[in-house]
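First the structure, in the form of structure tokens, and then the observations on it.
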Amino acid sequence: MPMSIMLFQTRAPPYNHHPAIHNVCPGTESLSIQSDQEFLEGRRRNVLQYPSIVSFMCALMAELDTTFLSRVRYDGDAYFTIFEWGANANPHAHRLYFSREFSQHMDSLKQNIQNCLQSAKDECLNTGQDLNNPLVQDTIRTKVHDCWDHARKKYIEDIRPFYTNWNAGLLEDGKNKTFDFIYDGTSAICRLNMASVIDNALTTGDFSTLNTIYVTVVNGTCRHLGHTGINDQPSKTDKCAVVKKKQSTCKETGKKQSTEVITCKRRKPKPMNKVPTTEPDKHNKKIFQLQFECNDKWFNGHDPFEVLHVLSNADDKAVVPEFLRKPPVIEVSCCQNKDNKVQDLNLEFFSDTGDSATEYVTKYAFKDAIPTKTSNEVLITAMEKLQNGEPINQGAVQKMYNSHAIAGTTSIFQATHLNQNIPHVLSNVNIKSCSVSGLSLLRTDYDKNDGEDYMLPPLIKQFDGRQGTTAVFIEGGKESSQLKAEIQCNMCLHQFCDLLDVKELKPNDGGARFLQFKRRSTARNGRLNALKLIPCHGIRMANPRGKLYWHYCRTLCLWKIPCHKTTDFSPIAEDAESLKKAWIDLFNKTFVDGNGLPPWAYKFWKHHQLPRNNNSDSDSSSDEDVEENQHACTVDATDDNNRSKIKSSENDSASKPSMCVFH
């Protein structure tokens, strides 16, 4: 059954001020009776002295949110959750929420549209109307579009109870306040006893105190301010600025030129809408988000219950299903009915990459983690960022986080919650990474005809090494001839990675190194870890017009062609351009009509190879996508002055894909 992403959520507890965090730290009870400034200094000391308490309490709040609050609010079945420290030393959780009931509901809406078309066609045939008549076709299109619009409105109403874009602290004009509020982050929430406030509201029926807390918190934490650019846009120096280079062609000279495009990573400011609307994400045009009525262009969409839980920013977004992004297209096709040629009408829903939701999942739910810093490393890195005369305080530590958090995230847990079972608290999703990068063909002397020498990356070296004399096959703690026969048969690299774990070992007696092959051990619940092919080859790399298309073809050939050794089919050419063409020809010959490709690669193949009538927007931007891809991945394919006469080499480490592909 198709699973639709219902919500993408972010939770960011105020670790300096949240009472639930600091009530656990030693000495807080005596500090709380001090002045606001003394209490603030004490809480900051807690953060620096007891970072494990901050991490645990923030993770626990995210776990309670996922396990209890969200289950009650959304009737959820599954979550992808990651808890991390941001670049500003802010602990926060990202969660992708799924609901089986919601997915079935979306599937039924899509089926209703298909049934509408079929009913309209049956009605025409029963009344003797000709489907070849353009007026009849227009009538059917109108009925289908009305049904689609009804499904879109139904989707909006179904999502409406879960979050809001309306700032209760402002009037409809977005300028005047509903009442005067002052949010002082150092003192507004640190002394709250939320259990007592909620209990008093429920027993007395007076929710004014709770309402005041909510309005004060959202206006102090859920509004993104600080843009210094023109017309409320960010400037290059703003912390939220995302600077990208866009390639364009000058109309006068015809030369390519590069311009900087600056956007806000918080997607602000947003339009102030009077009615709900769907709009493309500013950083990923394949994703559409739903925004309700809005009176504040700086405001994050959020669930009020979640805000009162974390007492800080709670950002919720609905990811609109692809079939509701644009009206479906009614395609006219010819079919044979007896001996007469008649036309038939088929429904084609909007689709960009085929499954953009999967990309969203892999990006946020499976982020790579960087190792945790030791106390000495933290101190050294913080000192490196200090200027003369600056003290070592929390600001210095935050600078340290800024310097290393951009390389990845320090993950505390990545959990999947299914069928209301006990959650996997603080558990990691383990991934086996497989890379075929670095394959280079070298030839030191073109006058000799003694074959070619390949410089192989570790994974392919292990794959080819299973046929060598230094290979040892272990099963049950001893060598196994059965495993040896099974492994040395024809197989593709994908099967090899899925079946085996390989180690290169050196004997204690100082002998030659050897490769040890074992069957892969199981992970949780008897399931093997997922495979991740790196670097990622997304839909842009699969574009036949791209300069790196040969690289995409080579990777898939190495990944899926069965062989004894990769040298059995690896092409040989006299120069780099010929070698690129040889890999593309091998790909086209092996995967005719996309047959044999992995499911994700087959979707890419369909996107680029099959004709599309309803993706004019995507077609117009494909050239720009290719240009952007050249900036994302750099490959040095040839060098006339290479003294070792390298035919093909790459700098694959410079490739930094935005998503991962799982098999």
Side-chain angles (χ1 to χ4, degrees), residues 2 4 102-160 271 273-281 285-293 318-357 539 603 606-623:
S4 301
F102 173 77
S103 299
Q104 290 173 339
H105 180 51
M106 291 295 100
D107 198 45
S108 66
L109 291 179
K110 190 174 183 179
Q111 188 63 44
N112 289 342
I113 302 174
Q114 294 172 329
N115 294 339
C116 178
L117 173 63
Q118 188 60 46
S119 299
K121 291 195 299 184
D122 293 343
E123 182 182 353
C124 291
L125 295 176
N126 294 336
T127 57
Q129 300 183 58
D130 187 6
L131 290 180
N132 296 337
N133 190 332
L135 295 178
V136 175
Q137 294 176 5
D138 290 341
T139 302
I140 293 177
R141 285 191 181 93
T142 301
K143 291 181 178 180
V144 172
H145 285 181
D146 290 343
C147 183
W148 174 85
D149 189 57
H150 173 75
R152 178 178 171 273
K153 292 178 180 178
K154 179 63 177 172
Y155 165 75
I156 292 174
E157 291 305 313
D158 291 338
I159 295 293
R160 182 180 291 279
N273 305 313
K274 300 295 184 180
V275 295
T277 181
T278 58
E279 57 184 11
D281 186 272
K285 301 300 182 182
K286 295 179 292 184
I287 302 295
F288 271 58
Q289 296 178 3
L290 172 62
Q291 181 171 308
F292 295 104
E293 298 87 347
V319 182
V320 181
E322 280 192 322
F323 78 95
L324 293 177
R325 283 167 47 177
K326 293 183 180 180
V329 175
I330 307 297
E331 293 186 337
V332 181
S333 61
C334 293
C335 66
Q336 296 291 337
N337 185 5
K338 296 182 179 180
D339 296 329
N340 299 323
K341 290 185 177 181
V342 298
Q343 290 184 338
D344 191 17
L345 302 180
N346 299 314
L347 192 64
E348 185 71 23
F349 289 104
F350 177 83
S351 178
D352 192 355
T353 63
D355 199 355
S356 57
I539 191 168
K603 290 181 180 180
K606 288 199 303 182
H607 178 81
H608 290 296
Q609 301 292 342
L610 298 184
R612 291 167 292 150
N613 297 324
N614 62 325
N615 278 355
S616 57
D617 293 342
S618 299
D619 292 338
S620 62
S621 61
S622 59
D623 291 334

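Residue P328 comes nearest to I113 through the heavy atom pair CG-CG2, 4.4 Å, listed as atom of the first residue, atom of the second, then distance. In this structure, F292 and R160 approach most closely via the heavy-atom pair CZ-CA, 3.3 Å. In plain terms, the two heavy atoms of I159 and A318 that are nearest each other are CG2-CB, 3.9 Å. Nearest heavy-atom pair across V320 and Y155 is CA-OH, 3.6 Å.
Remark: the backbone N or O of A120 is not paired with any side-chain donor or acceptor of K143 at under 3.5 angstrom. Checking side-chain atoms of Q291 against main-chain N and O of P271 turns up a donor-acceptor pair under 3.5 Å.
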For this session: Could you walk me through whether E279 and T277 pass the side chain to side chain donor-acceptor pair (under 3.5 Å) test, one step at a time?
Result: CA-CA 7 Å; E279 57 184 11; T277 181; 5.9 Å; no

For this session: Would you please test D122 and Q118 for side chain to side chain donor-acceptor pair (under 3.5 Å) and show each step?
Result: CA-CA 6 Å; D122 293 343; Q118 188 60 46; 3.0 Å; yes

For this session: Before giving the answer on side-chain contact (heavy atoms from CB on, under 4.5 Å), spell out for H105 and L109 the whole-Å C-alpha distance, their side-chain angles and the decisive distance to 0.1 Å.
Result: CA-CA 6 Å; H105 180 51; L109 291 179; 4.1 Å; yes

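Shown are R141, E348, Q137; of these, the side chain to side chain contact (heavy atoms under 4.5 Å, CB included) with I330 is made only by R141. Exactly one of I140, N132, D138 qualifies for a side chain to side chain contact (heavy atoms under 4.5 Å, CB included) with V136. That residue is I140.
Using a 4.5 Å heavy-atom cutoff, the side chains of W148 and L324 are in contact.
To the nearest 0.5 Å, atom NE2 of residue H145 and atom OG1 of residue T142 are 8.0 Å apart. Taken from CZ in R325 to CZ in R152, the straight-line distance is 13.0 Å, to the nearest 0.5 Å. Remark: L117 CG to N112 CG distance equals 13.0 Å, nearest 0.5 Å. With rounding to the nearest 0.5 Å, the separation of CG in L345 from NZ in K121 is 6.0 Å. Once rounded to the nearest 0.5 Å, the distance linking CD of Q114 with NZ of K110 reads 6.5 Å.
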